[in-house]
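As a basis for the values below, the full set of heavy atoms in this structure was taken, side chains included, without hydrogen atoms, waters or symmetry mates. Counting convention: from 1, in listed order, for ligands and their atoms alike. Position 1 is the first residue of the sequence; numbering continues from there.
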Amino acid sequence: MINREDVYFRLPAMAQNMLMSVAGVGVNRKRYGALFHRRLAEYEDRDMWDPERISIFRKTRRAAVLEYASRTPYYKSVFERMGATWRDLVDDSAFIEIPLTHKSDVRDRPNDFLARPRAKGDSIVRTSGTTGTSLAICKDVNAIAEMWAVWWRYRHRHGITRGTWCAFFSGKRVIGASQGVPYWRTNYPGREVRFSGHHISPATVKCYVDKLNRSRLPWIHGFPSVIANLARCMLERGVGLDYQPLVLTLGGENLTPWQLKSIQGAFGVTPVQHYGLAEQVANISECVEGRLHVDEDFAEVELINQGGGLSQIVGTPYGNGATVLLRYATGDLAVAAKDHCTCGRAGRVVASIDGREADLIVLPDGRFTAPGAAFSPALGLAEAQVIQHENGSLTVRYVPSVGWSASSLEAMDHSLRKYVGQALEVNYVRVDEVQRTPTGKVRFAISEMRGNDRTNQVSLSLEERGRVVSSQL
Ligand SMILES: [Zn+2]
């Protein structure tokens with residue numbers, strides 16, 4: 001069967017540009033209606049609220065979510081087992097007694113998480129999990145409007161408006177496999193030039209940079225892996241922008257230290273980041289002081305201490321009348337900051353979002369370790385990825401960058417051994433590109449062990465260690 005995408009990729013560039021703009025009109029209409037504008041105004045109003053006011057607001061929203069949850073078969077049964085009604089669970093101490101919800105719970109029976117039958121206007125959003133962990137979440141129109149509202153509040157902080165032209169670098173295909181220059185298509189109503197991440201190479205990078213310089217696109221946005229690859233090729237070929245972009249924003253994947261170094265080197269700016277999930281269980285966005293704040297009015301976020309300075313991000317989304325999730329374990333890890341930010345926003349500050357639990361590897365004694373930091377930019381790396389095989393051994397795939405030398409491989413092994421010890425077998429394979437998910441994202445670690453849900457195992461061991469809710473507001 002031929003789908004719409006297949007047709008698009010067979011068309012000439014001019015027709016693809018037209019189709020992209022036609023789709024852009026539809027996206028604008030669906031995403032940015034009257035409800036979005038209302039929600040955005042509310043989010044912007046709350047941006048500088050003091051902690052006490054935000055705290056009262058959160059309580060109200062938490063109560064509303066619990067009431068919705070009581071209508072779902074899944075939480076109805078959870079509440080019954082707890083011998084509680086939703087009203088009993090509104091207070092902080094009672095709320096954290098609700099058992100964590102894991103991805104596998106939702107994947108196995110998604111309809112049990114619906115507060116009502118699916119309705120007209122609902123959207124089914126698929127999460128971008130690795131194979132077998134993708135979820136279908138049903139969102140009502142309000143949930144969609146709130147998601148775009150909280151994202152635009154963050155963008156407005158950094159001077160981006162709906163009219164700001166964007167150079168967008170994602171992992172999705174933009175042009176057909178047999179097509180060449182130009183490596184981009186334009187969505188005029190969406191004010192967006194979509195660049196093909198798949199065609200970036202030292203041989204083509206000048207075309208990309210020339211386009212950016214010609215169009216002077218003020219906002220550069222995309223996946224860290226794609227923009228870092230562009231940056232690496234720019235540095236390698238000695239080409240650069242002849243203008244200063246307004247802002248460079250990143251999202252969708254974790255930013256690694258080696259990627260940050262390439263991006264700063266090539267673009268001369270420090271990227272701005274935000275963290276969000278399709279499940280809408282948490283949103284964390286950067287302020288003008290460069291600090292990451294939890295958006296406290298968007299979802300109930302818990303940072304659950306799991307030792308070693310790391311916390312797991314657990315979240316309860318507000319404002320979705322369709323799929324309801326309570327205390328959902330994201331599998332993502334963060335480091336809570338010890339200080340406050342001077343910008344005046346009440347949201348808790350997160351020092352860094354440090355990877356996913358899926359980015360952990362298992363040591364022979366059963367402990368988990370997050371070796372991402374072993375691959376420092378000083379090694380001259382462009383990309384690195386660790387595959388843990390069924391027998392526990394590791395294969396490290398790596399892409400060298402400028403600065404790679406004869407001694408780099410030995411230095412990389414030395415650095416990794418500090419995390420994994422000497423007992424594990426480690427093989428190193430030099431590649432042109434690391435493996436990507438079907439949606440074009442890069443996962444730092446890929447596990448071939450025990451088939452599925454290692455993330456749940458880690459989350460469960462976390463629960464056993466007791467629940468510690470980070471400093472409340
Ligand atoms: Zn701040």
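- A salt bridge between Glu146 and Arg61 is present, with a side-chain N of the basic residue lying under 4.0 Å from a carboxylate O of the acidic one.
- Checked by atom type, the side-chain pair Trp49/Asp297 shows no donor-acceptor distance below 3.5 Å.
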Residues 214-223 side chain polar contacts: donor-acceptor under 3.5 Å, at least two apart:
residue, atom, partner, partner atom, Å
Ser215, OG, Lys211, O, 3.4
Ser215, OG, Lys211, NZ, 3.0
Arg216, NH1, Asp242, OD1, 3.3
Trp219, NE1, Thr249, OG1, 2.9
His221, ND1, Thr249, O, 3.3
His221, ND1, Thr249, OG1, 2.7

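- A search for ring pair (Phe, Tyr, Trp, His ring centres under 6.0 Å) contacts involving Tyr68 returns nothing, not counting sequence neighbours.
- Residues passing the ring pair (Phe, Tyr, Trp, His ring centres under 6.0 Å) test with Phe298, sequence neighbours excluded: none.
- For the residue pair Trp152/Tyr32, the side-chain donor-acceptor check at 3.5 Å is satisfied.
- For a distance threshold of 2.8 Å, the protein N, O or S atoms nearer than that to the Zn ion (ligand 1), listed by chain and number, are Cys287 SG, His293 NE2, Cys341 SG, Cys343 SG.
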